[in-house]
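What follows is a short report on a single structure.
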Amino acid sequence: MRQVAESIGAGLAKAALAGAIDGEIVEVSRPIHADAAFRILTARDEDALGVLRHSAAHLLAMAVLELFPGTDLGFGPATEDGFYYDFKTPRPITEEDLPAIEARMKAIVKEGRAFARVELDRAQAKARLADVGYDLKVPHVDEIPEDVISFYDSGPFTDMCEGPHVPDTSWIAHIKLLAVSGAYWRGDAEGEPMQRVRGTAFFDKKSLKAYLARIEEAKLRDHRKIGREMDLFSLHPEGPGFPFWHPNGTVLWNALEGLLREELLARGYGEVRTPSVLSDELWRTSGHYEHFRDDMYFLDIDERSFAVKPMNCPGCCLIYGSKPHSYRELPLRLAEFGSVHRNEMSGVLHGLLRVRSFTQDDAHVYCTEDQLESEIGDMLDMTRSVYSAVGFDDIKTRLATRPENAMGDPDVWARAEQALGAALDKNGFEGAWVEAPGEGAFYGPKIEVHVTDALGRSWQCGTVQVDFSMPARFGLEYTGSDGQKHTPVMIHRAILGSMERFVGILIENYAGKFPLWLAPVQAKVLSITDKQGAFAEDVARQLVAGGIRAEADVRGDKIGSKVRDATLGRVNYMLVVGGREAEAGLVDVRSRAGDRLGTMDVEAFLSLARAEVSERR
RNA sequence: GCUGGAGUAGCUCAGCGGUAGAGCACCUCCUUGGUAAGGAGGAGGUCGCGGGUUCAAUCCCCGCCUCCAGCUCCA
């Protein structure tokens, strides 16, 4: 392939880091067979970064083996953000070792060691692994389906690896080791403990720097830190994973609920509330007891066993089943801001992003199979509308299809998957969704909705799931136009997913600098001297009466100090009142960003602020 | 749940076998200053919890709890 690249042009040959033959990515040194479809990858290709990073993982292993002789290797793949390699070293690697490892890596980069592919059979592969002391990988050879097993040699280093790689180590100049952490051989907690060194690599210095800056920026935006600074929420040892919402955080929560309720009303939903504690039998009927009892909280009351709800759907099904239904009522759309509790493993808890009690902006729609596509379409439309209002316009979707252990008729599955796909196509996601084969729930296919935040990070939030199982389990029915009883299809959907998690994501997305309609403190009236104290407080009262969340700062500090505090407190508008303003009954308005909007009367500011709130700017 | 690390004032952190410190925040007083830090004073701590070692433990040891970084998991 290198010759082909050269024949096209010397520039291309130089830029060629890998190629693709019949869709499979390989290195440029690989021969091209007759009639093969091929392309040449340069740093600009999407797949190129993965090749570079996997090569960087090898580079890391080279350095570690040289610095820690006797190290055994685990796996070293590229990841979304970089790469890692798992090691079993004679002595533990610590953070302090990373600079030395990185320096050695950079020295090897300068050597420009080639990645030379060697192909062996199974027995040769095992012998070679044993020879270099990679004991962990020996049994793995038997699990490789191909008969030809490839190794990549770079100087004294060799590794069993599928490839492909960049031509030589000089390509991997822009690297950074980030962390060392515990891992297990093949991710098995019972297995061999290992150490994972993580890092990242880019083709150019600028991208690497930008990535590292993004990590720093993410730390500054950590919702746990901002949550404390803005007094939004707190967590306590008395309730690990159970967030406490403070007044400021509850403002955010209520604003989001308000937004969702507007949409629910417009889209023909009814809102319901169901109890948090329900009898065991319900959870046996729904199937949750069987599948998820380890994650549920149980309690005994009067010799009866109850469980705290881990999901809202069974309760909603009781509402549906409380009376007979006609096909004329369908689709029946029931929404619930439902608080659920799940006993997640202690190690996974993380601020608001992973909790044990959370509130889903849930809804269950009972409909016929024919109505699936239009109902799902409306849900996607609502998703787009809500996300756009909170500032997320970059939305990605995945369609998770029938898994191995699926229940129900495969034809019904196929039709449902078709309906989901069609709904995606017709609602602005055409060409923008990917299929995730086999990742659906056992009871039905689902759509996952991911948003991209201001730092380019992707978060899974919304979900739309078709359920062929639960209506039958609960014996739910409707009478069709034929006079016969039929079982409805049920759709579960959540737009934000979890209110807690979504607020956490929003905090990080905005770095706490919320648009006016979400901001806990929308305006602060700052007095310049004590003489304006009463006026400042009166202005704040007028603002509150006018529907704006306002406070007055009448401390004996200087105006500069008050501006600074309000700015750090992320208050959207500062209304400065000194002698001139108090005299004229005006306020001097300053935005959070520092723009001076001039003096105006309170009514003028109110109408400006109200417009901004109602438009959710 | 597993591996490793951490827990000292509201926050960020220093200290370290002889019962505790700074900055910011808070309170009081002085200052009344026009758009990102005016000054002085004061208050605030069972050094995460429980055991042990010691004449003496915030400090050393053991157990637990919580948090952090990963792993794993996420209906």
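Just so it is clear: chains get the letters A, B, ... in the order the sequence lines come, proteins before strands, and each one is counted from 1. Just so it is clear, the values below take in all heavy atoms, side chains as well, and ignore hydrogens, waters and symmetry mates.
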Name the nucleic acid region contacted by [X], choosing base, sugar-phosphate or nothing; use a 4.0 angstrom heavy-atom cut-off, strictly under.
X	result
Leu349(A)	sugar-phosphate
Lys562(A)	nothing
Gly594(A)	nothing
Gly287(A)	nothing
Gln465(A)	sugar-phosphate
Gly347(A)	base
Ile528(A)	base

Nearest-Å distance once atom [atom1] is located in both [N] and [M]:
N	M	atom1	value
rU3(B)	rC62(B)	P	15 Å
rG50(B)	rA14(B)	P	25 Å
rA69(B)	rC61(B)	C1'	26 Å
rU46(B)	rG41(B)	C1'	28 Å
rG63(B)	rA25(B)	P	42 Å
rG15(B)	rG7(B)	C1'	15 Å
rA6(B)	rG18(B)	C1'	26 Å
rU19(B)	rG45(B)	C1'	12 Å

Look at [X] and [N] and indicate whether a side-chain polar atom (N or O) is within less than 4.0 Å of OP1 or OP2.
X	N	result
Arg224(A)	rA69(B)	yes
Thr529(A)	rG34(B)	no
His350(A)	rG70(B)	no
Arg596(A)	rG34(B)	no
Arg501(A)	rC74(B)	no

*May I ask you to establish whether Arg196(A) and Tyr84(A) are in a cation-pi arrangement, using a distance under 6.0 Å from NZ or CZ to the six-membered ring centre and at most 45° from the ring axis?*
yes
*asked:* Can you confirm if the NZ or CZ of Arg284(A) lies within 45° of the ring axis of Tyr289(A) and under 6.0 Å from the centre of its six-membered ring?
replied: yes
[N] pairs with, by Watson-Crick or G-U criteria that keep both distances under 3.5 Å:
N	value
rA36(B)	none
rC71(B)	rG1(B)
rG7(B)	rC65(B)
rU54(B)	none
rC47(B)	none
rC27(B)	rG41(B)
rA14(B)	none

Of the candidate nucleotides [options], which contains the atom at the shortest distance from the side chain of [X]?
X	options	value
Tyr443(A)	rA37(B), rG34(B), rA75(B)	rA75(B)
Ser561(A)	rA36(B), rG38(B), rU72(B)	rG38(B)
Leu568(A)	rG33(B), rG34(B), rA36(B)	rA36(B)
Val348(A)	rC71(B), rG34(B), rU32(B)	rC71(B)
Asp530(A)	rC73(B), rG33(B), rA75(B)	rG33(B)
Arg342(A)	rA36(B), rA75(B), rG33(B)	rA75(B)

Salt bridge present between [X] and [Y] (N-O < 4.0 angstrom):
X	Y	value
Glu583(A)	Arg580(A)	no
Asp565(A)	Lys524(A)	no
Asp81(A)	Arg198(A)	no
Glu508(A)	Arg221(A)	no

Write down the distance between [atom1] ([X]) and [atom2] ([N]), rounded to a whole number of angstrom.
X	N	atom1	atom2	result
Gln195(A)	rC71(B)	CD	P	14 Å
Leu232(A)	rC11(B)	CG	P	15 Å
Phe244(A)	rU66(B)	CZ	P	14 Å
Arg570(A)	rA36(B)	CZ	P	18 Å

*So with a 6.0 Å cut-off around NZ of Lys137(A), is the heavy-atom count from everything else above 12?*
yes
*Considering residues, nucleotides and ligands other than Lys225(A), do more than 12 of their heavy atoms fall under 6.0 Å from its NZ?*
yes
*Relative to the 5' end of RNA chain B, which residue comes earlier, Thr599(A) or Arg228(A), by the nucleotide with the nearest heavy atom?*
Arg228(A)
*asked:* Closest-nucleotide mapping onto RNA chain B: is Ser346(A) or Val563(A) further toward the 5' terminus? I mean the 5' end.
replied: Ser346(A)
*Got a donor-acceptor pair under 3.5 Å from the side chain of Glu581(A) to the base of rG34(B)?*
yes
